[in-house]
Amino acid sequence: MRKRRAFKIVVLVFMFVLAAFSSLCFVRERRSYDVFVPSSSYSYTIRLSDYDSSLLNTKADAPVFVFDSGRKGADVFIMGGTHPNESGAILSAIVIMENIDVESGRVFVLPVANMSAYSNTLPGYGYPEYYTLQTDWGEKKLKVGSRIASPLDQWPDPPFYVHYPSGQRLSYEEARNINRTFPGRGNGSLLERASNAIMTLLREEGIDYAFDLHEASVTYPVNLDIVAPEISFDIAYLSALMLEEKGISLRVEATGSSNKGYTHSEWAQVEGVHPFLIEVPTPFIDRTPGAMTGEMIVSGKDAFLYKVAEYGYSGVDYPQEGISISERVAIHVATIAECLKTAGLFDPDNAVEITLPSYEEIKEKGVGAFLHEEKDGNYLPLR
């Protein structure tokens, strides 16, 4: 009897320790964030709560970093982290903010659009908490988030999600996907209010060109694409032709009438805004690859998906060596630069002049070469 009682006590203590450890890991994940070292063009920081005060002190509030030349020119908005499990999109925003030189106009960068999704991961899919990049000054760890907001921040999910204002019905989980909640509303759910704040920013700041950065699964048909509504289509198409000469093959797809709640559809409803959504491929968010590791995020390589591609079931040509995060970031950055250059040809009186690392430089040196050492308080948090 005493042995049985002692065994039960040991089991209870073990379970308590395990629960305490799990709780600490969960709290750490909710509170952790990435940092970046801003370029000399950095001017000031605003927040989404400046455009919808109901977001203040919520997990949907997020910083927007402004790079202002002080000279007349176009205003640009760049957004990453719409889906924070698409790590290359957030990293592209970080690389831009660390290396951009703005000579005319203003550039607004929202590196993480869905901060709630950024605050948690998907352990059910075996997601790691972090991935690691090699830089010229050592290793840099970066967070891995989730596709949708945490239920701790927006709950309960409805039986099915009804998009406002179209009334289109979607899966219940899409209520926590910020790329289904635009244009949002000030009295709506947490993500609808975040979407409303972004739309208000676009209007009040007079944004001319707006980019939403994404990664898509290798088996997803909309991939290596610029998705653009009618107002942006000519710029996107000509940019894709110019990128082809640099060895970057992107398709251009028109925004469909059924794309309710998507950035490239709803942003176009703001007068003067030219939206672009850029998709690049990663195996990490597929449902059929091998172990979901930080190394897969960096290398973009998966043997099973290579076999899938060999049989013609992938959305893109997927090489055996994979599509590295350096390649994916290089495509994002080059596409933004080319679209803005092309836009200047269409409207030379309202152009923006910026300098960014080139596609060739990022591919040759690796993305880690464009991340600067964090020291002496020279960095800013992405929260």
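Starting from 1, each residue takes its place in the sequence as its number. Because only heavy atoms are used, hydrogens play no part in the values below, and waters and symmetry mates are left out as well, while side chains stay in. Here the structure is a predicted model, which means the values were calculated and not measured.
Note: the hydrophobic cluster containing Leu202 also contains Leu55 (ILVMFWY, side chain heavy atoms under 4.5 Å, direct or indirect links). By the rule that hydrophobic residues join a cluster once side-chain heavy atoms approach within less than 4.5 Å of another member, Ile148 and Val144 end up as members of separate clusters. Tyr118 and Met97 fall within a single hydrophobic cluster, where Ile, Leu, Val, Met, Phe, Trp and Tyr side chains are chained together by heavy-atom contacts under 4.5 Å. By the criterion of side-chain heavy atoms lying less than 4.5 angstrom apart, applied directly or through intervening Ile, Leu, Val, Met, Phe, Trp or Tyr residues, Ile78 is grouped together with Ile94 in one hydrophobic cluster. Leu356 and Ile235 fall within a single hydrophobic cluster, where Ile, Leu, Val, Met, Phe, Trp and Tyr side chains are chained together by heavy-atom contacts under 4.5 Å.
The main-chain N or O of Ala175 is found under 3.5 Å from a side-chain atom of Gln154 such that the two form a donor-acceptor pair. Glu139 places no side-chain N or O within donor-acceptor distance of the main-chain N or O of Thr135, the cut-off being under 3.5 Å. No side-chain donor-acceptor contact under 3.5 Å links Thr181 to the backbone of Gly184. Of the possible donor and acceptor atoms, one in the side chain of Arg176 sits under 3.5 Å from a partner among the backbone N and O of Ala149. Looking at His274, its side chain never comes within 3.5 Å of a backbone N or O of Pro229 through a donor-acceptor pair. Under a 3.5 Å cut-off, the side chain of Glu279 and the backbone N or O of Asn223 do not form any donor-acceptor pair. Here the side chain of Ser232 pairs a donor or acceptor atom with the backbone of Pro275 at under 3.5 angstrom. When atom types are taken as modelled, the side chain of Tyr306 and the backbone of Glu321 share no donor-acceptor pair closer than 3.5 angstrom. Looking only at distances, no side-chain donor or acceptor of Asp286 sits under 3.5 Å from a matching main-chain atom of Leu305. Arg328 places no side-chain N or O within 3.5 Å of a backbone atom of Ala89 that could act as its donor or acceptor partner.
For the residue pair Tyr311 / Ser314, no side-chain donor-acceptor distance below 3.5 Å is found, with atom types taken as modelled. A donor-acceptor pair shorter than 3.5 Å cannot be found between the side chains of His372 and Asp136. No side-chain donor-acceptor contact under 3.5 Å links Asp68 and Ser43. Looking only at atom types and distance, the side chain of Ser299 has no donor-acceptor partner in the side chain of Ser324 under 3.5 Å away. Neither side chain, Ser265 nor Asn259, offers a donor N or O lying under 3.5 Å from an acceptor on the other. Under 3.5 Å, the side chains of Thr82 and Asp212 contain a donor-acceptor pair of N or O atoms.
Interatomic distance, CD of Glu271 versus CZ of Arg203, reported as 11.5 Å (0.5 Å rounding). To the nearest 0.5 Å, the span separating OG on Ser239 from CD on Glu338 amounts to 5.5 Å. Between the OG1 atom in Thr342 and the OH atom in Tyr237 there is a gap of 13.0 Å [rounded to 0.5 Å]. Here Ser171 contributes atom OG and Asn177 contributes atom CG; the two are 10.0 Å apart, rounded to the nearest 0.5 Å.
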Applying side-chain hydrogen bond (donor to acceptor under 3.5 Å, both in side chains), run through Glu205 and Tyr51 and close with a yes or a no.
-> CA-CA 11 Å; Glu205 300 297 342; Tyr51 300 90; 2.5 Å; yes

Practice problem: Report the C-alpha distance between His332 and Ser92 in whole Å, list the side-chain angles of each, state the deciding distance to 0.1 Å, and finish with yes or no for side-chain hydrogen bond (donor to acceptor under 3.5 Å, both in side chains). | Solution: CA-CA 7 Å; His332 274 151; Ser92 294; 2.8 Å; yes

Test Lys375 against Trp137 for side chain to side chain contact (heavy atoms under 4.5 Å, CB included), laying out the working first.
CA-CA 11 Å; Lys375 57 184 179 180; Trp137 44 269; over 6 Å; no

Check the pair Ser249 / Glu244 against side-chain hydrogen bond (donor to acceptor under 3.5 Å, both in side chains), numbers first and verdict last. CA-CA 5 Å; Ser249 296; Glu244 188 77 38; 2.9 Å; yes

- Could you check Val367 against Val95 for side chain to side chain contact (heavy atoms under 4.5 Å, CB included), going step by step and ending with a plain yes or no? CA-CA 8 Å; Val367 69; Val95 167; 3.6 Å; yes

Side chain to side chain contact (heavy atoms under 4.5 Å, CB included) between Ile226 and Thr335, worked out
CA-CA 9 Å; Ile226 308 173; Thr335 303; 3.7 Å; yes

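A centroid separation of less than 6.0 Å is found between the aromatic rings of Phe211 and Phe276. Ring centroids of Phe108 and Phe67 are separated by 6.0 Å or more, keeping the two rings apart.
The closest side-chain heavy-atom distance from Met79 to Ile178 is not below 4.5 Å. Asp347 has its side chain within reach of Tyr209: a pair of non-hydrogen atoms, C-beta onward, lies under 4.5 Å apart. Residues Leu224 and Pro281 have side chains in contact (heavy-atom distance under 4.5 Å, counting atoms from C-beta outward). Ser39 is not listed as a side-chain neighbour of Asp101, based on a closest heavy-atom distance of 4.5 Å or more. Side-chain contact between Leu133 and Leu91 is present, with at least one heavy-atom pair separated by less than 4.5 Å. Using a 4.5 Å cut-off on side-chain heavy atoms (C-beta onward), Asn85 and Ser146 make no contact. Under the 4.5 Å side-chain criterion, counting only non-hydrogen atoms from C-beta, Asn114 is not in contact with His83. With a 4.5 Å cut-off on side-chain heavy atoms, Asp225 and Val222 count as touching.
Geometrically, Lys141 engages Tyr130 in a cation-pi contact defined by less than 6.0 Å to the ring centre and at most 45° from the axis. At least one cation-pi condition fails for Arg169 and Tyr161: the charged atom is not both under 6.0 angstrom from the six-membered ring centre and inside a 45 degree cone around its axis. The cationic group of Lys143 does not satisfy the cation-pi geometry with Tyr33, failing either the under 6.0 Å distance to the six-membered ring centre or the 45° limit from the ring axis.
Each of Thr58, Asp61, Asn57 was scored for a side chain to side chain donor-acceptor pair (under 3.5 Å) with Ser49, with one residue passing: Asp61. Partner His214 forms a side-chain contact (heavy atoms from CB on, under 4.5 Å) with one of Thr282, Val280, Leu277 and no other, that one being Leu277.
Salt-bridge check for Glu374 with Lys140: passed, with a basic side-chain N closer than 4.0 Å to an acidic carboxylate O. Checked for salt-bridge contact, Asp52 and Arg193 miss the test: no charged N lies under 4.0 Å from a carboxylate O. Taking a cutoff of 4.0 Å between a charged side-chain nitrogen and a carboxylate oxygen, Lys363 and Glu327 qualify as a salt bridge. Salt-bridge formation is not detected for the pair Glu360/Lys246: no Lys NZ or Arg NE/NH1/NH2 atom is positioned less than 4.0 Å from an Asp or Glu carboxylate oxygen.
Using cut-offs of 30° and 60° for the angle between ring planes, the Phe77 and Trp267 rings count as perpendicular.
Within a 6.0 Å radius of OH in Tyr44, more than 12 heavy atoms belonging to other residues, nucleotides or ligands are found. Within a 6.0 Å radius of CG in Asp317, no more than 12 heavy atoms belonging to other residues, nucleotides or ligands are found. Open room surrounds OH on Tyr379; 12 or fewer heavy atoms of other groups in view lie less than 6.0 Å from it. A 6.0 Å sphere centred on NZ of Lys301 holds no more than 12 heavy atoms belonging to other residues, nucleotides or ligands. Heavy atoms from other residues, nucleotides or ligands lying under 6.0 Å from OH of Tyr313 number 12 at most.
Shown here for Ser166 and His163, the closest heavy-atom pair between the two residues is OG-ND1, 2.7 Å.
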